[in-house]
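In what follows, a single structure is set out as structure tokens and then discussed.
Throughout, a chain's letter reflects where its sequence line sits, starting with A, and its residues are numbered from 1. Remember, predicted model here, so these are calculated numbers, not experimental data.
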Protein chains: 2
Amino acid sequence: MKRAKKKVFADFMSQRGLKSTKQRDIILDSFLSSDRHLSIEELYLKLRSKHPNIGYATVYRTLKLFAEAGIAREMQFGDGQTRYEHVSEGEHHDHLVCTRCGHIEEFENETIEKLQDEVANSRGFLIERHRLEIYGLCANCRK
Amino acid sequence: MKRAKKKVFADFMSQRGLKSTKQRDIILDSFLSSDRHLSIEELYLKLRSKHPNIGYATVYRTLKLFAEAGIAREMQFGDGQTRYEHVSEGEHHDHLVCTRCGHIEEFENETIEKLQDEVANSRGFLIERHRLEIYGLCANCRK
DNA sequence: ATGCCAATGAATGTCACTTTCATGATGGCG
DNA sequence: CGCCATCATGAAAGTGACATTCATTGGCAT
Ligand SMILES: [Mn+2]
Ligand SMILES: [Mn+2]
Ligand SMILES: [Zn+2]
Ligand SMILES: [Zn+2]
């Protein structure tokens, strides 16, 4: 899975004539090792301790590349930061977001997806993508 | 409906000890006369021709007040601008957003809402709110 | 090893808010 | 009414998260 995404990214890079660099390798490793929905700043700070020589701009640009390569997706959860999450080819999920602790949980619901198609069809819309986020208190924060 | 929201706002203002001003009256009128999902900038520019004496900051603050009073809702559709839409007590709807022309259409689907409740329950989440946006091409832009 | 071109990162720019502050209005009270 | 404590206004300045610039560095094909 981690290996597979590294290959997808490597292929994307060579196809675009872009170069492999130490920074990109490190950032990709760090990104894939985290299962959270990371902001640029968070990933930058995470790297900073072990790799003080990697700049914010490089993290920013590399995450953009991940998104272009199809191994990451930009998300907005309304906290003012863009977050990048892992995605795989053909995979899709939506989110439950805790408004207290920031915990993000993922879910898939085929029936909801179908109903969305119906809504779009009835209005003549051609769906490109959608976002469904449920905000509230996670099980832990309800206690 | 327009009258009702004006009353809601007037009550909110007096309850908070805030004052009635020409600017606020004009902005409220203009906001309620528009059925679109307006950004601050858009409403500001719309007003500018007839009321060049109303500043951006006043439009900004007044829209915030509308949201606090419960007659408007802040929305993000990913175009980099916060949009304010009309809301009424107890009303809810989701959106279809055209990625070409920016057209925004509203819909309600009780079944989707129920399924969301089920998803949240199964994870122990207590729902506060949700957002469902379907992005794609509107009927007009598909032609 | 050489040279072209991409990559890096410190610095700077951008943009959409958001706040400040000097000045102007509102409205309760006598 | 007329006062005046408060609130409101808007030009200007500040903020924060991205986005870009540019001098320098570093891949990598030859
Ligand atoms: Mn996710
Ligand atoms: Mn709407
Ligand atoms: Zn939580
Ligand atoms: Zn359209």
Side-chain angles (χ1 to χ4, degrees), chain A residues 9-31 37-69 72-84 102, chain B residues 9-31 37-69 72-84 102:
Chain A
F9 186 60
D11 291 349
F12 168 83
M13 295 298 273
S14 73
Q15 186 176 14
R16 292 258 290 242
L18 303 177
K19 291 168 181 170
S20 161
T21 68
K22 280 195 272 310
Q23 288 90 334
R24 283 171 177 169
D25 290 346
I26 291 165
I27 293 168
L28 179 55
D29 251 330
S30 184
F31 177 69
H37 298 76
L38 286 173
S39 68
I40 304 165
E41 181 81 13
E42 285 169 349
L43 185 48
Y44 169 64
L45 292 177
K46 183 182 172 186
L47 288 167
R48 215 160 129 83
S49 45
K50 287 180 89 81
H51 306 282
N53 53 317
I54 296 181
Y56 175 96
T58 300
V59 176
Y60 162 77
R61 285 182 292 227
T62 303
L63 283 172
K64 288 272 183 202
L65 282 177
F66 293 171
E68 282 188 74
R73 183 162 62 133
E74 292 189 3
M75 302 291 305
Q76 303 283 161
F77 293 113
D79 65 347
Q81 303 219 150
T82 299
R83 294 178 178 284
Y84 288 80
Chain B
F9 186 60
D11 290 349
F12 168 82
M13 294 298 272
S14 72
Q15 186 176 13
R16 292 258 290 241
L18 302 178
K19 290 169 181 171
S20 160
T21 68
K22 281 195 270 312
Q23 288 92 333
R24 284 171 175 170
D25 290 347
I26 291 165
I27 294 169
L28 179 53
D29 251 329
S30 184
F31 177 70
H37 298 75
L38 287 172
S39 67
I40 303 166
E41 181 81 12
E42 285 170 348
L43 185 48
Y44 169 65
L45 292 176
K46 183 181 173 188
L47 288 166
R48 215 159 128 81
S49 46
K50 288 181 90 82
H51 305 282
N53 53 316
I54 295 182
Y56 176 95
T58 300
V59 176
Y60 161 77
R61 286 182 292 226
T62 303
L63 283 171
K64 287 273 185 202
L65 282 178
F66 293 171
E68 282 188 73
R73 182 163 64 134
E74 290 189 4
M75 302 290 305
Q76 303 283 161
F77 293 113
D79 65 347
Q81 304 220 149
T82 299
R83 294 179 179 282
Y84 287 81

_Nearest-Å distance for atom pair CD1/C1', residues I27(B) and dA8(D)_ = 11 Å

*Tell me: OH of Y56(B) to P of dC15(C), nearest whole Å?*
13 Å

*Determine: side-chain N/O of T21(B) to OP1/OP2 of dA25(C), distance under 4.0 Å, yes or no.*
no

_By nearest atom, which of the nucleotides dC18(D), dG9(C), dT9(D) is closest to the R61(B) side chain?_
dT9(D)

_Given DNA chain D, 5'-ward residue of the pair E74(A) and V59(B), judged by closest heavy atom_ = V59(B)

*To the side chain of K64(A), which of dC17(C), dA19(D), dG10(D) is closest?*
dA19(D)

*Would you indicate whether the side-chain heavy atoms of H51(B) and K22(B) approach each other to under 4.5 Å?*
no

*Below 4.0 angstrom from OP1 or OP2 of dT18(C), is there any side-chain N or O of Y60(B)?*
yes

*Report the nucleotide, chosen from dG10(D), dC7(D), dT26(C), that has the shortest atom-to-atom distance to any side-chain atom of K22(B).*
dT26(C)

*Which of these passes salt bridge (charged side-chain N to carboxylate O under 4.0 Å, His left out) with E68(A): R16(A), R61(A), R73(A)?*
R16(A)

_Nearest-nucleotide 5' precedence on DNA chain C, S39(B) against L18(A)_ = L18(A)

_Rounded interatomic separation in angstrom, taking CG from L65(B) and C1' from dC7(D)_ = 12 Å

*Which nucleotide in the list dG9(C), dC18(D), dG27(C) gets nearest to the side chain of Q81(A)?*
dC18(D)

*Which whole-number value in Å describes the distance from I26(A) CD1 to dA7(C) P?*
16 Å

*Among Q76(B), R83(B), Q81(B), find the residue that satisfies the side-chain hydrogen bond (donor to acceptor under 3.5 Å, both in side chains) test when tested with D79(B).*
R83(B)

*Ignoring the backbone of A57(B), work out which of dA8(D), dG10(D), dT18(C) is nearest its side chain.*
dG10(D)

*To the nearest Å, give me how far apart CZ (R16(B)) and C1' (dT26(C)) are.*
18 Å

*asked:* What is the distance, to the nearest angstrom, from the CD atom on E42(A) to the P atom on dC18(D)?
replied: 10 Å

*Find out whether Q23(A) and I26(A) are in side-chain contact, i.e. whether some heavy atom of one side chain is under 4.5 Å from a heavy atom of the other.*
no

*For E41(B), which contact category applies under a 4.0 Å heavy-atom criterion: base, sugar-phosphate, or nothing?*
nothing

*Round to a whole Å and report the spacing from CE of M75(A) to C1' of dC18(D).*
18 Å

*Starting from P on dA11(D), measure out to CG on N53(B) and report it in whole angstrom.*
9 Å

*Between dA8(D), dT8(C), dG10(D), spot the one nearest the side chain of R24(B), thanks.*
dA8(D)

*asked:* Taking the minimum atom-to-atom distance to the side chain of K19(B), which one of dA25(C), dC28(D), dT8(C) wins?
replied: dA25(C)

*asked:* My understanding is that only one of F12(B), F9(B), Y60(B), Y84(B) makes a ring pair (Phe, Tyr, Trp, His ring centres under 6.0 Å) with F66(B); could you say which?
replied: F9(B)

*Counting only side-chain N and O atoms of T82(A), is one of them less than 4.0 Å from OP1 or OP2 of dC18(D)?*
yes

_L65(B) side chain reached by L18(B) side chain, heavy atoms, under 4.5 Å_ = yes

*asked:* From C-beta outward on I40(A), which listed nucleotide comes closest to its side chain: dC18(D), dG9(C), dG10(D)?
replied: dC18(D)

